[in-house]
Each structure stands twice: as C-alpha cells, then as structure tokens.
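Since we're looking at a predicted model, the values are computed, not measured. Per chain, numbering begins at 1; letters A, B, ... match sequence-line order.
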Protein chains: 2
Amino acid sequence: MHSFTEENYLKAIYKLQEANGLVVATSSLAQVLEVHAPSVTDMLKRMAGKKLVTYQKSKGVKLTEKGRQVAVGIIRNHRLWEVFLVDKLGYKWDEVHDLAEQLEHIHSEDLTNKLDSFLGFPKADPHGDPIPDANGILPKSKAVLLSTFAEGDQGTFTGVTDHSATFLNYLDKTGFSLGDPIKVKGIEKYDQTYTLQLKGKKEVVVSFKVANSLLLSQ
Amino acid sequence: MHSFTEENYLKAIYKLQEANGLVVATSSLAQVLEVHAPSVTDMLKRMAGKKLVTYQKSKGVKLTEKGRQVAVGIIRNHRLWEVFLVDKLGYKWDEVHDLAEQLEHIHSEDLTNKLDSFLGFPKADPHGDPIPDANGILPKSKAVLLSTFAEGDQGTFTGVTDHSATFLNYLDKTGFSLGDPIKVKGIEKYDQTYTLQLKGKKEVVVSFKVANSLLLSQ
DNA sequence: TTAATAAATTAGGTTCGTCTAATTTATTTT
DNA sequence: AAAATAAATTAGACGAACCTAATTTATTAA
Ligand SMILES: [Mn+2]
Ligand SMILES: [Mn+2]
Ligand SMILES: [Mn+2]
Ligand SMILES: [Mn+2]
C-alpha cells in the first residue's frame, strides 16, 4: 500500500494538473505541500520508480494512469468522509476538511463503498465538490463562477472555489446556502461589486473576490 | 501529536500490563508488535525521553500516567469505531478489528465524542469489551470465564478473550451470540468438554479451549 | 556456584521523508 | 547574445523506525 505522504503528493499533483495544466512544477508542489523544493525532487524520483508519476528532470511531473487512480480514490474518500461528518455527526461545513485529511487515508475500498451506501450515494460533498464513483469516474462539473454573470442572470449556488473556513463562515453569516437560487441585481462598474438577490428576496452586496469564489449552475 | 507507532507501542504496553503484571518485557512487546527486540529497546528509549513510559534498562517498561491516558484514548477510539462499523455500516464482528486498527489513530477528541454520541454512548464494543469514557475511565468488568463454571451454573454471554476471526466465526456458526444466556448442562471429567444449553434450548458441546475463551456475567 | 541458556542491549546499517547550502539549468531582461 | 534572475537539482545530514550480528546481562540448570 502507499504511504500517507505518497498519497498527499498524488492528490496535490492531481489537483494542480486539473487547475493549471498538464505538467506540474516542483515549486508548486513544494508550496502546496509545505515542504522545500529538494524534498519534492527527492520524492518525485521515488514515485517515478513506483510508476505513480512520470518525471522529467527540470521539466515537471505528470500522473500515470495508476497514479491518477490512487489520487481519485483519495479524493473519493475525502469527500465521502466530509459528507459523513456533516450529515451524520453534525459538523459544520467549515469544520470538516482537516478531519477528512486524516480519514481519507484509511485503506479499505470496501469501507469506502459501505460508507457511500450508508450515506445514500451522495453526488457531492458539503462544499458542492463532486464525489468520484467507485470506478474513479469524476463527473465534469458545468458550474461556472458568479463573476462571469451579467446583470439579470441567475443560477443555483452549487459550489465554492475557496474552501477556507473564514470564507465559508462569511457565507453562512451573509446568508448563502448551497442549493439556493441567486440572482444578479446589479454590478457596480467602478469596482465590480455585485448586488445579489438570495433566497427569500434577501439582498446582499458582495465584492468581486467573493463573486469570483462562488460556483453557480444552470 | 504522537505517531501511529508510538500509539501502538503504548496500547501494547497497556494491554500487557493489564494482562500480566506491572512491568512489561522487551521480548513480549517485540512479539505482539511483530518487530525484533532491538527495535523495541530503541523505541522505548525514545518514548522514555518523552515521558510516556518509565524504562529501566534490562528490567522492563511501565506506562507513565501520561502514557496511560494516551493508551486508553486509543482503545476508546478503537472500540467506538468497531461499534460504528458493525451498527451503522453492517460489518460482522469478525471483520472490524483491522479497520479499527487504522481508525483508532484519527486524532480528534471532538470527533471521538461526537461519534460516541452518534452511536448512543455504547458501553461495550461488538466483542463485549468495555468502552472507556471521555475521561479515560474504563469500567472494571466482573465477567468470568465459562471454564470456571460448574455443572448447573448459568450466566449471560458478554465477551470473549480470543478475538480472532476464526474463533468468532466458530461462535457464529455454533449459535453463540453476545447477550444470550448460557447454562452448563454437563462437564466431561475426561477432557473437560462442556455441554451447554444456549438460547432456545439448543444444546452444544464445546472443548475446554472454547470454554476458556468465553466470558459470562451475573 | 559455576556453567549453560535465554533475554536484552549495543553497534552498525537501511529506507523514508525531510532539511540547508552549493551548484546547475532554465527563463527573463537588458 | 550576454548577463541577471529564478527554478531545479545535487550533495550531504538528520530523526524515526526498523533490521542483523555481536556482545552483555540475567536467569536457570547442573
Ligand atoms: Mn476538504
Ligand atoms: Mn470538500
Ligand atoms: Mn479490535
Ligand atoms: Mn473489540
């Protein structure tokens, strides 16, 4: 089986590959994993030896199919455990990430699948992120940033791109809730401030930074 | 926080201390942890440095109060997760131990307590072992081995001393179930074979080895 | 009480995952 | 195209947790 460290590298490479491009740089990995660059170089060599990644000296790293399978498996675990923590144990959506970072490394496909079943085969985690199925297939989300909306546009709030507890707390406090409708009433030309109508006609004003971290569907 | 390895050492020392005596030998630890003796010596020195154990060269090791707290915390986690796996996810009692060995190392007192609450504050795990409370207090069990019973004695089946899957399977197959009444109908003088009456008048014959692994109460 | 046996420790290595400092390679800027 | 800067790698170390082989200490038997 793979070590926690390897799994965290794989997950990080997967996410950087999704977000930015095909090949991942040593420095970006060092940054997200909070280690120094030589540690990354070292680890990538070992992982290349295990055929989890293809590593080209000074050019960057990519996941192999095997590495991708492992990464998606960890993400599946992470998101299912987050659902468990929120739906069954009563945690808030801003409290579960760090616990899920531990729970995602429990090694048992059978447990993952039984948990999935116990939770009613959820399609998304508490932050709206899609949950890969047992075959490692992750549905491509067609959600789009609120910051791309024009005045009058509307949609359903289905996800966030900033997962920080402070942002999630701000959303709670301001009245945002996953699954609710949101309509753009106006966009201030000067600073791209958004005036939104939330569920129950409540109007709120949010900065561009916020609009740029909210995902809407339909 | 403590490493998984340290936690496993602490748990092993705790159990050996409970079972055998005050002081635990290097060789017994090596055996239950499945490592070689010099590794144990090494580790005990490091743990003594952290005040988790008191270690006397060539004499053996004992838990400090701090070490005992950690050990009991791990045991609490282990048993609560076993209850979760059986009660909520539908696992059988012979399938949960290895998973609990992983889950017991999730570091969060808050999670443990929320889990405890979610499970309805169970008093014992699926094998009848008592669950320490949030303060690390583990109720002293007054259960006694069936092998100490005489003809005509009866009690309630409340635990096992052999936790192996093969033994637990044997019990399932033979008709033993935790919480059921058991009455001794006869004991063969020649080889200490027990004839038992189980719930629903069912009679079964078991070896001394079996009678010596069953715990009965009242 | 000495000799034989068993248990424990020391000595010296290995792998994993990390570090700092020095060097090399790649990318920008002039 | 050369110089300056930034990114990545190499070299050399370290702690944790393990190992084998050799040695020491403790226990048991003669
Ligand atoms: Mn998360
Ligand atoms: Mn999430
Ligand atoms: Mn167990
Ligand atoms: Mn148990």
Side-chain angles (χ1 to χ4, degrees), chain A residues 1-13 16-17 19-63 66-67 70-71 74 101-102 104-105 107, chain B residues 1-13 16-17 19-63 66-67 70-71 74 101-102 104-105 107:
Chain A
M1 216 29 53
H2 309 104
S3 69
F4 289 15
T5 306
E6 279 173 343
E7 292 180 351
N8 286 333
Y9 272 79
L10 291 171
K11 199 172 45 143
I13 297 167
L16 288 167
Q17 234 174 264
N20 305 331
L22 293 158
V23 86
V24 174
T26 302
S27 52
S28 1
L29 277 171
Q31 202 200 322
V32 328
L33 293 168
E34 299 182 275
V35 296
H36 291 230
S39 311
V40 174
T41 303
D42 230 43
M43 189 68 183
L44 293 182
K45 284 181 191 166
R46 276 195 297 275
M47 288 172 71
K50 295 179 182 177
K51 308 284 183 214
L52 292 167
V53 299
T54 56
Y55 166 64
Q56 289 201 284
K57 192 155 113 177
S58 289
K59 302 210 67 180
V61 74
K62 282 195 295 188
L63 293 181
K66 185 179 166 198
V70 176
I74 303 297
E101 288 288 312
Q102 294 186 58
E104 70 188 4
H105 300 291
H107 290 128
Chain B
M1 216 30 52
H2 309 103
S3 69
F4 288 15
T5 305
E6 278 174 343
E7 293 181 350
N8 286 333
Y9 272 80
L10 290 172
K11 198 173 47 145
I13 296 166
L16 288 167
Q17 233 174 267
N20 306 331
L22 293 158
V23 87
V24 174
T26 302
S27 52
S28 359
L29 276 171
Q31 202 198 323
V32 329
L33 293 168
E34 299 182 277
V35 297
H36 291 232
S39 311
V40 174
T41 303
D42 228 41
M43 189 69 184
L44 292 182
K45 283 180 192 167
R46 275 195 298 274
M47 288 172 71
K50 296 179 181 178
K51 310 283 184 215
L52 292 167
V53 300
T54 56
Y55 166 64
Q56 290 201 284
K57 191 155 115 177
S58 290
K59 301 209 69 178
V61 74
K62 283 195 295 190
L63 294 181
K66 184 179 166 199
V70 176
I74 303 296
E101 288 287 311
Q102 295 186 58
E104 70 188 6
H105 301 291
H107 292 128

Looking at A/Ser27, I'd like to know whether one of its side-chain N or O atoms comes within less than 4.0 Å of OP1 or OP2 on D/dA6. no
Name the orientation class of the two ring planes belonging to A/Phe4 and A/His105 (parallel below 30°, tilted from 30 to 60°, perpendicular beyond 60°). parallel
Heavy-atom donor-acceptor pair, B/Lys59 side chain to B/Val23 backbone, under 3.5 Å: no
Atom CE of A/Met47 to atom C1' of C/dG17: distance rounded to whole Å? 12 Å
Return yes if some donor-acceptor pair links the side-chain N/O of A/Glu6 with the main-chain N/O of A/Met47 below 3.5 Å, else return no. no
Letter per nucleotide, 5' to 3', of nucleotides 9-22 of chain D [B base touched, S only sugar-phosphate touched, - untouched; heavy atoms, 4.0 Å]: BB-----SBBBBB-
Keeping the roles fixed (side chain from B/Gln17, backbone from B/Leu63), state whether a donor-acceptor pair exists under 3.5 Å. yes
Among B/Leu33, B/Asn8, B/Leu29, B/Val32, which one satisfies side-chain contact (heavy atoms from CB on, under 4.5 Å) with B/Ile13? B/Leu29
